[in-house]
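Inspection log for the structure reproduced underneath, given as structure tokens.
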Amino acid sequence: MFLYYQFAVVPMKNKIEEQTKVILAQELRDKEQKAALESLQTNMKKTSEALKGLQVKNRKYEEDMAEYLDIFRRHNVAKLASAKPGLVELTFNKGTKEVFNAIQEDSTRISSLND
């Protein structure tokens with residue numbers, strides 16, 4: 001009986017304990033993978049929503065650009081600048097500042113999405 005216990009039961013017990021540890025490790029790995037997958041899906045949704053918003057803004061900027069280019073086509077800016085240089089300078093500086101501020105805001109928003 002002792003030999004049976006020593007050569008059959010003890011090794012079987014050790015195998016069961018070993019397999020229990022393996023199963024626990026696999027369950028832990030599965031939980032970590034599920035959490036990582038959920039995190040990736042959440043980030044993907046946020047990125048997708050942000051991209052849609054940027055596409056809408058891009059369309060708006062393209063429309064604005066087409067409008068401004070049309071204005072330049074219809075007006076002789078060189079002639080206007082010669083006649084009223086202060087007005088042209090103020091107008092151009094204001095428009096440039098607005099464009100740079102919009103770019104900075106978009107860059108900040110995109111940067112914060114990665115956090």
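Worth knowing before you read on, the calculation uses all heavy atoms, side chains too, and leaves out hydrogens, waters and symmetry mates.
Here the CE-NZ distance, from Met12 to Lys15, works out to 6.5 Å after rounding to the nearest 0.5 Å. Put simply, NZ on Lys46 and CD on Gln41 are 13.5 Å apart, with the number rounded to the nearest 0.5 Å. Separating the CZ atom in Arg29 from the CG atom in Leu24 is a distance of 12.5 Å, to the nearest 0.5 Å. Note: Leu40 CG to Lys45 NZ = 12.5 Å, rounded to the nearest 0.5 Å. Note that CG of Asp30 is 6.0 Å distant from NZ of Lys34, once rounded to the nearest 0.5 Å. A distance of 10.0 Å separates CD of Glu105 from OG of Ser107, quoted to the nearest 0.5 Å.
Although no hydrogens or angles enter the test, the distance criterion places a donor-acceptor pair under 3.5 Å between the side chain of Thr20 and the main chain of Ile16. Remark: the backbone N or O of Glu38 is paired with a side-chain donor or acceptor of Thr42 at under 3.5 angstrom.
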Could you go through the side chain to side chain contact (heavy atoms under 4.5 Å, CB included) check for Tyr61 and Asp106 one step at a time?
CA-CA 12 Å; Tyr61 292 144; Asp106 289 342; 3.4 Å; yes
Begin from the C-alpha positions of Ser112 and Thr108 and carry the test side chain to side chain contact (heavy atoms under 4.5 Å, CB included) through to its verdict.
CA-CA 6 Å; Ser112 68; Thr108 303; 5.6 Å; no
Lys57 and Glu62: side chain to side chain contact (heavy atoms under 4.5 Å, CB included), yes or no, with the steps?
CA-CA 9 Å; Lys57 283 189 172 190; Glu62 286 176 356; over 6 Å; no
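Between Val56 and Lys52, the closest side-chain pair of non-hydrogen atoms is not below 4.5 Å.
Hydrophobic clustering (side-chain heavy atoms under 4.5 Å, transitive across Ile, Leu, Val, Met, Phe, Trp, Tyr) groups Phe92 together with Leu80.
Ionic pairing of Lys60 and Asp64 is present here: one or more N-O contacts between side-chain nitrogen and carboxylate oxygen are shorter than 4.0 angstrom.
Counting non-hydrogen atoms of neighbouring residues, nucleotides and ligands closer than 6.0 angstrom, the CD atom of Gln33 exceeds 12 such neighbours.
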